[in-house]
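Structure record follows, encoded as structure tokens.
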Protein chains: 2
Amino acid sequence: MNISIKQMRAFSELAREKSFTRAADRCHISQPALSALIKGIEETTGTRLFNRNTRNVELTPDGIFLESMITALLGSYDRLVTEFQDVVQKNRGSVTVGALASIAGGALPPVIDAFQRRYPGIELAIKDVTSDICLELVRSKQVDFALTASVSLGNDLSSAFLASDSFHLVCRSDHPLSRHARLAVSQIRDLPIIQFARSSSVRQHLDAAFYPDRLPVSIEVNNLVTAAGLIAHGLGITIVPGMTLFQFRIPSLVAIPITLPIHERKICVITRRNSTLSVSANAFVEMLRAHWAPESS
Amino acid sequence: MNISIKQMRAFSELAREKSFTRAADRCHISQPALSALIKGIEETTGTRLFNRNTRNVELTPDGIFLESMITALLGSYDRLVTEFQDVVQKNRGSVTVGALASIAGGALPPVIDAFQRRYPGIELAIKDVTSDICLELVRSKQVDFALTASVSLGNDLSSAFLASDSFHLVCRSDHPLSRHARLAVSQIRDLPIIQFARSSSVRQHLDAAFYPDRLPVSIEVNNLVTAAGLIAHGLGITIVPGMTLFQFRIPSLVAIPITLPIHERKICVITRRNSTLSVSANAFVEMLRAHWAPESS
DNA sequence: CACACTTACGATATTCGTAAGGATT
DNA sequence: AATCCTTACGAATATCGTAAGTGTG
């Protein structure tokens, strides 16, 4: 026994309208076509479902039984279709993003704000964790994708470039270099700077960017905010990627972009290889691109 | 957006098997046909649902979302089909019958017994009520059909003959007539008998059967069992339809069929005109015919 | 006689399977 | 090189709408 959705729709409309003509109109088919659909159900089930003559159409007892079930099923079907349509049209859904804390706290909030305004029905979750955990979250499907600085990754993952994150010198506004609008490598290569722990993502990219040179170290700290405090008290300067500058938003400090020929920090979208983003997640990435691409060109 | 049952089945099997070839086998279609079904869903939804290459097939995030809903819907669909098949095959269902008490208590129980053995899944309810209430129950669809003696009924109902119910004389075994195997009208026309209230179905048919004669009355009672008690104590005889004889099953009593040229009581199935019995109810009527037709020929 | 459902039939659309093509491991 | 999915294409099937037929009130 096999009943199609179309047959069920025809059955349901006929049960409601008690008229082949009106039911056919509601189904947007000709009246004989509807007649054939009903006949089809009656033949596959082997049961008469409507008592009908020229003047009257009504369900048989068995038809009544079937009608209750078909009505429920069509309800479920319509709900399925509309819910999935909502997902496709981005009226509903959820996105979970893994991101380095330096990204999650700085460049991401404006995008999140725009995304939530544009797609208020999509739930958003941000997991602000370290780079290696980001990768693990992607692998285990706990996040749709991750935002990290480019790192080496196994071939089960793939990365797509999103934006360049250029280095900036941070100093107090009374520092001699503060009057420059832009700095070259030669101007800062020999300045002792406040450095970060070797395990930190910023330090690793900084070392790579200036390689084979090694920047002189004045003080080594763990957190960016600590460096900000030291600088504000006139105890040094530092060099950090632009996306971390939100941690240095103190009136007495200035940030000056540094021109580097290569080796800028690259922010990437990390996904599983041979995988596809959900429409919701894809919308988020597209919005990231729209926000960040102009700034980093 | 429109997804057919067949497409959903294909989707579900592919999600389970993660192989177009195996899923096609399970759907009993060729592998390219299944490919087309999947392509069809992806095109109508506008979303890629499976990431696939030569070596691997797996759901996309959106596909996973759809899969959960489709699995549930197919479950409902299969349940609908099997449940209705059960009804058609008489493994499930319910029958509610209205019947005169004289029928419900006498001739019906053996049929009920056979019916419940033959169709143990079908629930059975008997409403033993008077004739006029029987008709009302049919009209209001509270019963599938009714079993009554033939009565005049409006043209919203129709009746179908089931069995004849011949009259019997009931007397004590020491009564002079008890030695006869069969009686003619002439032998009993003048005997005073225990009669029943004019409102009772038995009395009405009795009067009709002997019309234009009027049987002499010895005592008038309301219930058959009362008559039985009177007769057992040697206080008279009575004439009743055969189907009520179960109320006279007392060792000292005998029942002797009376030959009447016409006007036997006719037991009928009463249904709504232009209506159809459910498969369950129809099975019950068929069983009634099988049990009663031989006896009344 | 009028109205409503059914049947008949030709046209259109869809679906299917076979065979060839393409891609990945 | 083998395996698996996709594309191409002709055939079978299903569906649809128009028009004629049938029956009931």
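Labels below follow one simple rule: chain letters A, B, ... track the order of the sequence lines, proteins then strands, and each chain is numbered from 1.
Ionic pairing of A/R139 and A/D156 is present here: one or more N-O contacts between side-chain nitrogen and carboxylate oxygen are shorter than 4.0 angstrom. Salt bridge present: A/E17 and A/R26 bring a charged side-chain N and a carboxylate O closer than 4.0 Å. Salt bridge status for A/R9 with A/D78: present, with a side-chain N to carboxylate O gap under 4.0 Å.
Atom CG in B/N56 sits roughly 17 Å away from atom P in D/dT3 (whole-Å rounding). Rounding to whole angstrom units, CG of residue B/D25 and C1' of D/dC4 are separated by 13 Å. Here D/dC5 presents its C1' atom at 12 Å from CD of B/E42, a figure rounded to the nearest Å. In this structure, A/N2 places its CG atom 17 Å from P of D/dT13, rounding to the nearest Å. For the pair B/K18 NZ and D/dC4 P, the interatomic distance rounds to 16 Å; values are reported in whole Å. The separation between A/L34 atom CG and C/dT7 atom C1' is 15 Å, rounded to whole Å. Atoms CZ (B/F50) and P (D/dT6) sit 11 Å apart, rounded to a whole Å. Atoms CD (B/E43) and C1' (D/dT6) sit 13 Å apart, rounded to a whole Å.
Neither OP1 nor OP2 of D/dT24 sits under 4.0 Å from any side-chain N or O of A/R52. Dashed line: the shortest gap from a side-chain N or O of A/T21 to OP1 or OP2 of C/dC5 is under 4.0 Å. Between B/S35 and D/dT6 there is a side-chain N or O to OP1 or OP2 distance below 4.0 Å.
Here the closest non-hydrogen pair linking B/V279 and B/V88 is CG2-CA, 4.2 Å.
Bending across the helix from C/dC1-D/dG25 to C/dT25-D/dA1, expressed as the angle between its end axes from five pairs apiece, amounts to 30° (10° rounding).
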Base-contact (B) and sugar-phosphate-only (S) positions in nucleotides 14-25 of chain C, heavy-atom cut-off under 4.0 Å, - elsewhere: --SBBB---BBB
Test side-chain hydrogen bond (donor to acceptor under 3.5 Å, both in side chains) applied to A/T60 and A/D62, step by step: CA-CA 5 Å; A/T60 63; A/D62 299 316; 5.0 Å; no
Residue pair A/E136, A/S140: steps toward the side-chain hydrogen bond (donor to acceptor under 3.5 Å, both in side chains) verdict: CA-CA 6 Å; A/E136 194 45 43; A/S140 61; 4.8 Å; no
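Ranking C/dT6, D/dC5, C/dC5 by closeness to the B/S19 side chain, first place goes to D/dC5.
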What donor-acceptor contacts under 3.5 angstrom involve side-chain atoms of residues 31-39 of chain B, with partners at least two apart or in another chain?
none

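Using the six-membered ring where Trp is involved, B/F20 and B/F50 have ring planes that are perpendicular, over 60° apart on the 30 and 60° scheme.
A donor-acceptor pair under 3.5 Å is absent between the side-chain atoms of B/D86 and the main chain of B/N91, judged by distance alone.
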